[in-house]
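All values reported here derive from a predicted model rather than from experimental measurement. Within every chain, numbering begins at 1; the chains are lettered A, B, ... in the order of the sequence lines, protein sequences first and strands thereafter.
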Protein chains: 2
Amino acid sequence: MKKKLLSACVALTFGVGAGYASSVLAQAKPDVLVKQRQSAMTLISKYFGPVAAMAQGKAPYDGAVAMRNAAYLETLSKMPWDGFNASTKDEKNTKALPAIYENEAKFKEAQDRFTGAVAKLAAAKDEAAIKGAAGELGKACGACHNDFRAK
Amino acid sequence: MKKKLLSACVALTFGVGAGYASSVLAQAKPDVLVKQRQSAMTLISKYFGPVAAMAQGKAPYDGAVAMRNAAYLETLSKMPWDGFNASTKDEKNTKALPAIYENEAKFKEAQDRFTGAVAKLAAAKDEAAIKGAAGELGKACGACHNDFRAK
């Protein structure tokens, strides 16, 4: 009964639960992968936006918000990458460029630059360090989008 | 120059950077709030799905995956709620019911049940505890969706 309820709950409420039914490692469908990776990017934007605004002097510095967001970003920065599976190559609803699947080493390098910059932001403890790390992170975002994302 | 690059990067790559320009506390637009909260739900589904499948016996138990996902879920569980702002009441692209804004105390209670269940899952250290906590979490998801989300 409990299992049945849980099953119904996951399937009904999320609509993707069924994708995991046969194996934990079962690959989600390409459109689900795209939706998941875009969701990670949306949340990265949600939490980086205010920190970037502080770093640009467009918003007053708020250390508590900056540090909370940096911690969130550290977790979120791990979430998009498994969504860039070659099975998603022909999906329409995405700005991801074929270069991602044609030059995996370079894409991995861009990911690492990004996750490294996020880790540096999350480790920053004062205003100057946070603003400096936010600048580096912004550049890492831009560099990867430049090479691997349609304008 | 650095500030300019960062600014351009946030605006161009995320498209929502401008929303934060005047104040860190500036409220994002209703459609952005909906997109952000749906993104959090999508990722909660991504990482709860496999754990739920394990708890249901539909996938082999993998402690490392379960514990990694539980830790991700603990962070993600904090992200949807500020998106349920009354300004989003008239948005079309959402299954959120008016009950959310009509009975805020009950909605908050449902949130707390959910975040409490996630915290319990994240604190679980062995297979039995993880599976038990996953069952409770599934029920918390279902109860909230039942009351506050269109079928």
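In the hydrophobic cluster analysis, where Ile, Leu, Val, Met, Phe, Trp and Tyr join through side-chain heavy atoms closer than 4.5 angstrom, B/F48 is grouped together with B/M67. Residues A/I44 and B/L33 do not share a hydrophobic cluster, defined by chaining ILVMFWY side chains whose heavy atoms lie under 4.5 Å apart. Hydrophobic clustering of Ile, Leu, Val, Met, Phe, Trp and Tyr side chains at less than 4.5 Å, counting indirect connections, unites B/M41 with A/Y47.
In this structure, the side chain to side chain contact (heavy atoms under 4.5 Å, CB included) partners of B/E127, at least two apart in sequence or on a different chain, are B/Y61, B/K131. By the salt bridge (Lys or Arg N to Asp or Glu O under 4.0 Å) test, A/K108 is found to be paired with A/D112, residues two or more places apart in sequence or in another chain being considered. Applying the side chain to side chain contact (heavy atoms under 4.5 Å, CB included) test to A/A129 and every residue at least two apart in sequence or in another chain returns A/A124, A/D126.
B/S45 OG to A/Q36 CD: the interatomic distance, rounded to the nearest 0.5 Å, is 7.0 Å. Rounding to the nearest 0.5 Å places CZ of B/R37 at 10.5 Å from NZ of A/K46. For the atom pair CD of B/Q38 and CD of A/Q38, the computed distance is 12.5 Å after rounding to the nearest 0.5 Å.
Residues of residues 68-99 of chain B lying within less than 4.5 angstrom of chain A, judged on heavy atoms, are B/Y72, B/T75, B/L76, B/K78, B/M79, B/D82 in numerical order.
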